[in-house]
J.: 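First the structure, which I've put down as structure tokens, then a few questions once you've had a look.
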Amino acid sequence: MLEIKYAILGAGLAGLSTAYHLGGDCMVFEKTDRVGGLAYSEETDDFILDYCVHVLYHNNPDIRELCDNLLNGNTKDHVRSTWIYSKDVFTQYPFQANLYGLPLDVVEECILAFIDAKYSEKKAGKNRNFAQWIENTFGAGIAKHFMFPFNEKLWTVHPKKMSTEWVESVVPQPEIEDIIDGALPGQKRLFGYNATFRYPQTGGIKVIPDTLSKRIAPIKFKHEAVKIDPVKKLVHLKNINETVHYDVLISTLPLKYMPEMITGVPDTVLSACDKLIHNSVECVNVAVDRPVDMNRHWIYYPEPEYIFYRVMLPHTMSESMVPEGKGAFSVEVSHGNDRKIDFPKIEEDVIRDLKKVHLMESDEEPKFIQRLSIPCAYSIYTNERVSSISKIKAYLTEHDIHSIGRYGNWEYSNMEKALNDGREIADYLKGDAG
Ligand SMILES: Cc1cc2nc3c(=O)[nH]c(=O)nc-3n(C[C@H](O)[C@H](O)[C@H](O)COP(=O)(O)OP(=O)(O)OC[C@H]3O[C@@H](n4cnc5c(N)ncnc54)[C@H](O)[C@@H]3O)c2cc1C
């Protein structure tokens, strides 16, 4: 039997970063035959296409430095150019700070309702869910014309079913001056956590995990963890029918599902897992036989008549993503919970709607369509999320199992956070060992 001090499940950014920062005494077990998890780029016919938008933004100087080192100059800074297409016009993101260009009655409705919400006494203490937070923060106009339809499409549940602990850091909240300024023509202020970002010049986002993986011990690919004995500290790996003994297990697998593989896990933990919910995203990459003549990084589609909520234009990330004279669209469709889509028809519906929004010509045929599925895409923030996570994690930690990463923490977080999770757990374990 293989004896490992630190066994790491998953070779996404969190797992790779854990191994890198531990520096030894560890082994990464990955169910697929490649690294990167969601931070990956598929190469097809000289196109390099990611799992939807995957751009790098930094808040953490140590992880910025790590990425600088991994990219080794292969990076380009971008000022975000993101747009919203609704009412048949493009307006800049975020909707609430860029009303200019919308029909005048919509602009008026949004501004008046914003003022009413901002200065109304009614709202005090009433942010019990995301829907109320939206109405109290932006007013009924912005809620109706963007916030409700967009969020319902993305999250697959109505905002009234969601909690609010995540919103302050994610949803830009412009002041009244910004809303008025944004309703008038002229240069606008940029809002949001990813107003500037960077992206590899060549190779797609997978350059980061690829380079990181070369700095750690060889990874055990096609080693899918299927069973964990937390008392004997054994993990069973399916494809090779091997069992590994560990001292500490670091899991980057989804917190909702990982405990199912633990022998003797209490029912209270499993019922906490049942309370965690998520959506799924189908990334439909559509290649076309001509250049795409538009310099917008990505576009949001709030209206229900379009199947997708966002379309990214890969050539804007880096010219090397698409061969000369060709183009592509990276289309995101969410589903699950209350949002049912006609799954077998998804490609047909994506092409139909790319034509409806004038990104494709009415008689145009795609060069190829590539489907990348993300079954567990966004953890949905509900009132039961925090207490469920703490119940599950308390049980895991008691058994020397540390659950990290976007899905291991069951959170809305980015690549930088996944890299930092790996660094923090490694520091913690090394500190413990010392
Ligand atoms: C639609 C979408 C867009 C995003 N856009 C951005 C963005 O623009 N910028 C940004 O910074 N972040 C973005 N993110 C977030 C980013 O993808 C994640 O934060 C990050 O990649 C998570 O890394 P991870 O290692 O925690 O998880 P993962 O990438 O999910 O890695 C987990 C790994 O575990 C493996 N695994 C699963 N089950 C088993 C098993 N039983 N045994 C062994 N291995 C297993 C998987 O194959 C995978 O390799 C986006 C996410 C989504 C869904």
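Read the numbers this way: they start at 1 and go in the same order the structure lists the ligands and their atoms.
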J.: Check this for me - ligand 1, Gly405, N or O atoms closer than 3.5 angstrom, yes or no?
T.: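 The answer is no, given that Gly405 and ligand 1 share no N or O pair closer than 3.5 Å.
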J.: For Phe29, which part has a heavy atom under 4.0 Å from ligand 1: side chain, backbone, both, or neither?
T.: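 Contact part for Phe29 vs ligand 1: backbone (N, CA, C, O).
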J.: What residue and atom, counting heavy atoms only, is the protein's closest point to atom 26 (O) of ligand 1, and at what distance?
T.: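 Atom 26 (O) of ligand 1 sits closest to the protein heavy atom Arg406 N, 3.0 Å.
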J.: Between Arg80 and Phe197, is NZ or CZ placed under 6.0 angstrom from the six-membered ring centre and within 45° of the ring axis?
T.: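 Judged by the rule, Arg80 and Phe197 form no cation-pi pair.
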J.: Ignoring angles and geometry beyond distance, decide whether Ala225 reaches within less than 3.5 Å of ligand 1 through its nitrogen or oxygen atoms.
T.: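 In this structure, Ala225 places an N or O atom under 3.5 Å from an N or O of ligand 1.
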J.: Quick one: nearest non-hydrogen protein atom to atom 25 (O) of ligand 1, plus distance?
T.: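 It is Ala14 N, 2.9 Å.
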J.: List ligand 1 atoms under 4.0 Å from Ala377, heavy atoms only on the residue side.
T.: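 Near Ala377, meaning under 4.0 Å from one of its heavy atoms, ligand 1 has 53 (C).
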J.: Could you check whether the rings of Phe150 and Phe146 sit parallel, tilted or perpendicular, using 30° and 60° as the cut-offs?
T.: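 The arrangement is parallel - the two ring planes meet at less than 30°.
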J.: Based purely on interatomic distance, does Thr32 place a nitrogen or oxygen under 3.5 Å from a nitrogen or oxygen of ligand 1?
T.: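 Such a contact does not occur with ligand 1.
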J.: Keeping Asn337 on the side-chain end and Arg339 on the backbone end, is there a donor-acceptor pair under 3.5 Å?
T.: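 No, because the side chain of Asn337 does not come within donor-acceptor range (under 3.5 Å) of the backbone of Arg339.
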J.: For atom 2 (C) of ligand 1, what is the closest protein heavy atom, and at what distance to 0.1 Å?
T.: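 The protein heavy atom lying closest is Tyr378 OH, 3.8 Å.
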J.: How far is atom 27 (O) of ligand 1 from its nearest protein heavy atom, and which residue and atom name does that atom have?
T.: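 So the nearest neighbour among protein heavy atoms is Tyr407 CD1, 4.0 Å.
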J.: At a 4.0 Å threshold, what atoms of ligand 1 neighbour a non-hydrogen atom of Gly12?
T.: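 The atoms of ligand 1 under 4.0 Å from a heavy atom of Gly12 are 25 (O), 31 (O), 33 (C), 49 (O).
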J.: Is Asn414 close to ligand 1, meaning an N/O of one under 3.5 Å from an N/O of the other?
T.: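 For ligand 1, there is an N or O atom that lies under 3.5 Å from one belonging to Asn414.
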J.: Tell me the protein heavy atom at minimum distance from atom 9 (N) of ligand 1, and give that distance in Å.
T.: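 Scanning the protein heavy atoms, the shortest distance from atom 9 (N) of ligand 1 goes to Val55 O, 2.7 Å.
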J.: Strictly by side chain to side chain donor-acceptor pair (under 3.5 Å), give each pair with a member in residues 252-265 just once, sequence neighbours left out.
T.: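 For residues 252-265, and leaving out neighbouring residues, the side chain to side chain donor-acceptor pair (under 3.5 Å) pairs sorted by first residue read Tyr257-His278.
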J.: When you measure from the side chain of Asn129 to the backbone of Ser163, do you find a donor-acceptor pair of N or O atoms at a distance under 3.5 Å?
T.: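 Between the backbone of Ser163 and the side chain of Asn129 there is no qualifying donor-acceptor contact (under 3.5 Å).
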J.: Could you tell me whether Trp155 and Phe130 have their ring centroids closer than 6.0 angstrom?
T.: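 Distance test on ring centres: not under 6.0 Å, no.
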J.: Is a salt bridge present between Lys417 and Glu411, judged by a nitrogen-to-oxygen distance below 4.0 Å?
T.: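 Judged by the 4.0 Å cut-off on N to carboxylate O distance, Lys417 and Glu411 do form a salt bridge.
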J.: Report, as yes or no, whether the 6.0 Å neighbourhood of atom NZ on Lys345 holds more than 12 heavy atoms from other residues, nucleotides or ligands.
T.: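 Counting neighbours around NZ of Lys345, more than 12 heavy atoms of other residues, nucleotides or ligands fall under 6.0 Å, so yes.
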J.: Would you mind finding which of Glu416, His54, Met415 brings a heavy atom closest to atom 50 (C) of ligand 1?
T.: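 That would be His54.
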J.: Measuring from non-hydrogen atoms of Phe197 to any atom of ligand 1, is the shortest distance under 4.0 Å?
T.: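 Heavy atoms of Phe197 never come under 4.0 Å of ligand 1.
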J.: Starting from atom 44 (N) of ligand 1, find the nearest protein heavy-atom neighbour and note its residue, name and distance.
T.: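 Its nearest protein heavy-atom neighbour is Lys31 N, 3.1 Å.
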J.: Decide whether an N or O pair under 3.5 Å exists between Ala418 and ligand 1.
T.: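 No.
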J.: At under 4.0 Å between heavy atoms, is it the side chain or the backbone of His223 that contacts ligand 1, or both, or neither?
T.: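 His223 to ligand 1: backbone contact only, side chain stays beyond 4.0 Å.
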J.: Got the closest protein heavy atom to atom 32 (C) of ligand 1, with its distance?
T.: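 In this structure, atom 32 (C) of ligand 1 has Thr252 OG1, 3.7 Å as its nearest protein heavy atom.
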J.: Would you say the ring centroid of Tyr412 lies under 6.0 angstrom from that of Tyr378?
T.: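 Yes, the ring centres sit under 6.0 Å apart.
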J.: So that I know where these two stand, are Tyr6 and Tyr246 an aromatic pair - ring centroids less than 6.0 Å apart?
T.: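 So the answer is no for these two rings.
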J.: In terms of ring plane angle, is the pair Tyr93 and Tyr300 parallel, tilted or perpendicular, where the classes change at 30° and 60°?
T.: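 Tyr93 vs Tyr300 ring planes: tilted.
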J.: Can we call the ring centroids of His54 and Tyr40 under 6.0 Å apart?
T.: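 When the ring centroids of His54 and Tyr40 are compared, they turn out to be at least 6.0 Å apart.
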J.: Quick test: of every protein heavy atom, which one is nearest to atom 29 (O) of ligand 1, and how far off is it to 0.1 Å?
T.: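 The closest one turns out to be Leu38 N, 2.9 Å.
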J.: Tell me whether Arg371 forms a cation-pi arrangement with Phe343, defined as NZ or CZ under 6.0 Å from the six-membered ring centre and within 45 degrees of its axis.
T.: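 That pair qualifies as a cation-pi contact.
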J.: Considering residues at least two apart in sequence or located in another chain, which fulfil the ring-ring contact (aromatic ring centres under 6.0 Å, His included) criterion with Phe308?
T.: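 Partners of Phe308 under the ring-ring contact (aromatic ring centres under 6.0 Å, His included) test: Tyr301.
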J.: Based purely on interatomic distance, does Glu224 place a nitrogen or oxygen under 3.5 Å from a nitrogen or oxygen of ligand 1?
T.: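 No.
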J.: Can you confirm, on distance only, whether ligand 1 has an N/O atom lying under 3.5 Å from any N/O atom belonging to Glu30?
T.: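 For ligand 1, there is an N or O atom that lies under 3.5 Å from one belonging to Glu30.
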J.: Could you list the atoms of ligand 1 found under 4.0 angstrom from a heavy atom of Ser413?
T.: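 So the atoms of ligand 1 that pass are 15 (C), 19 (O).
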J.: Ignoring angles and geometry beyond distance, decide whether Val53 reaches within less than 3.5 Å of ligand 1 through its nitrogen or oxygen atoms.
T.: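 Yes, since at least one N or O of Val53 sits under 3.5 Å from an N or O of ligand 1.
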J.: Please list, in number order, the atoms of ligand 1 under 4.0 Å from a heavy atom of Gly10.
T.: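 Near Gly10, meaning under 4.0 Å from one of its heavy atoms, ligand 1 has 33 (C), 34 (O), 35 (C), 44 (N).
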J.: Where does Leu253 meet ligand 1, judged by heavy-atom distances below 4.0 Å: at the side chain, the backbone, both, or neither?
T.: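 For Leu253, only side-chain atoms sit under 4.0 Å from ligand 1.
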J.: Okay, side chain of Arg34, backbone of Gly37: is any donor-acceptor separation there less than 3.5 Å?
T.: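 Yes: the side chain of Arg34 pairs with the backbone of Gly37.
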